[in-house]
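Predicted, not measured: the structure shown is a model, and the values here were computed from it. Residue numbers start at 1 and run along the sequence shown. Just so it is clear, the values below take in all heavy atoms, side chains as well, and ignore hydrogens, waters and symmetry mates.
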Amino acid sequence: MKPALARATLALATACMAKKDQAWALAMQAELEKAIDAGKPLRFAFGCLFASFQRMPMHDEGRFTLTSHGFAIGLMLPVAALQLGGALSGVSRFLSIGNFAAAGSLQAFFLANAYQVAIPLLAILTLLLGVGHLRMAWALLDRDWPRVETTAAFLLAAAITSIVLLGLLDFGTAQALRQGGIVVIELAGLNVLARWHAELPEAASTEPATG
């Protein structure tokens, strides 16, 4: 059990290293086998992981990894949790609907029917936004930029649809506008991260050769 956990820990430490430090990673793997024979694999593996974490802010690949994880965990996942919670708890609790027309009027009749149709639709849109944020965060951490771009386009369309629907039904649009603003901020941040990733040595080395 301990050797397996030590190898997994060392694999994580290796993943946090810059490409130029791969020789050091190979040396650590050789040293790990010696530590396993000596009966101290976890101490050695966690020491390597700590050293790797310390070096991450010192190279561009490490800074990108820390920034992208912070962006996904610190912004995208909380937004997804808020949207999923809103969808599962009932969108009507999170929207300021306002006062309807007096009961018995023709306007009140049509508004009531419109609201009955709109609330489930808004719940579905909010649920899709939450799931989309989870998918986009996963794609970001996986550095799958085509999937990030596709999901971002879907989220923007869903956010615009929510704003338009709320506006047409005369609901309170403040929350929808805030969510739309968050999506715009996320798209701007993802654009910066995509450009940054394209400039990393590992991204340049994986580009197909032309000519």
Side-chain angles (χ1 to χ4, degrees), residues 15-16 19 56 60-98 114-210:
C16 296
K19 295 298 180 182
M56 286 186 74
D60 204 30
E61 296 169 53
R63 288 190 292 270
F64 173 82
T65 299
L66 292 173
T67 303
S68 60
H69 279 71
F71 190 81
I73 297 172
L75 177 62
M76 299 173 71
L77 292 186
V79 171
L82 180 64
Q83 290 169 334
L84 291 173
L88 297 176
S89 300
V91 174
S92 58
R93 296 182 182 180
F94 299 92
L95 297 173
S96 176
I97 297 178
Y115 292 144
Q116 288 178 358
V117 174
I119 291 297
L121 180 57
L122 288 171
I124 292 173
L125 284 172
T126 306
L127 181 63
L128 291 176
L129 283 168
V131 173
H133 271 87
L134 291 177
R135 185 176 188 269
M136 190 162 63
W138 185 272
L140 170 61
L141 297 182
D142 201 31
R143 304 184 184 184
D144 187 347
W145 299 110
R147 187 151 53 100
V148 168
E149 183 178 355
T150 302
T151 308
F154 165 79
L155 289 177
L156 184 60
I160 293 174
T161 303
S162 297
I163 294 171
V164 172
L165 182 60
L166 289 169
L168 289 174
L169 295 176
D170 198 24
F171 282 9
T173 58
Q175 180 171 337
L177 288 173
R178 285 195 297 269
Q179 292 182 355
I182 291 173
V183 171
V184 172
I185 292 172
E186 289 174 335
L187 295 181
L190 289 169
N191 182 59
V192 172
L193 288 172
R195 292 176 179 272
W196 186 1
H197 179 256
E199 297 173 356
L200 294 177
E202 66 174 51
S205 63
T206 56
E207 291 180 356
T210 59

Query raised in the report: What residues form a side-chain contact (heavy atoms from CB on, under 4.5 Å) with Leu77, not counting sequence neighbours?
Result: Ile73, Leu134, Ala137

Query raised in the report: Can you tell me how far CG of Leu140 sits from CE of Met136, rounded to the nearest 0.5 angstrom?
Result: 8.5 Å

Requested in this report: Quick one: list whatever passes side-chain hydrogen bond (donor to acceptor under 3.5 Å, both in side chains) with Thr151, sequence neighbours left out.
Outcome: Arg135

Report summary line: Output for pair (Gln83 CD, Leu155 CG), nearest 0.5 Å, gives 7.5 Å

**Report entry** Which residues share a side-chain hydrogen bond (donor to acceptor under 3.5 Å, both in side chains) with Trp145, sequence neighbours left out
**Finding:** His197

Report task. Please name all residues satisfying side-chain contact (heavy atoms from CB on, under 4.5 Å) with Asp60, sequence neighbours left out, ordered by chain then number. Result -> Arg63, Trp196, Leu200

Query raised in the report: Can you pull the salt bridge (Lys or Arg N to Asp or Glu O under 4.0 Å) pairs that have at least one residue in residues 145-154, sequence neighbours excluded?
Result: Asp142-Arg147, Asp144-Arg147

Requested in this report: Kindly compute the distance separating CG (Leu127) from CD1 (Ile124), expressed to the nearest 0.5 Å.
Outcome: 8.0 Å

Report summary line: On a heavy-atom basis, the closest approach of Leu141 and Ala72 is CD2-CB, 3.9 Å

Query - Inter-residue atom distance Leu125.CG - Ile160.CD1, 0.5 Å rounding - result: 12.0 Å

Query raised in the report: Just how far is it from atom CG of Leu66 to atom CZ of Phe71, taken to the nearest 0.5 Å?
Result: 15.0 Å

Query raised in the report: Does a side-chain heavy-atom distance below 4.5 Å link Leu75 with His133?
Result: no

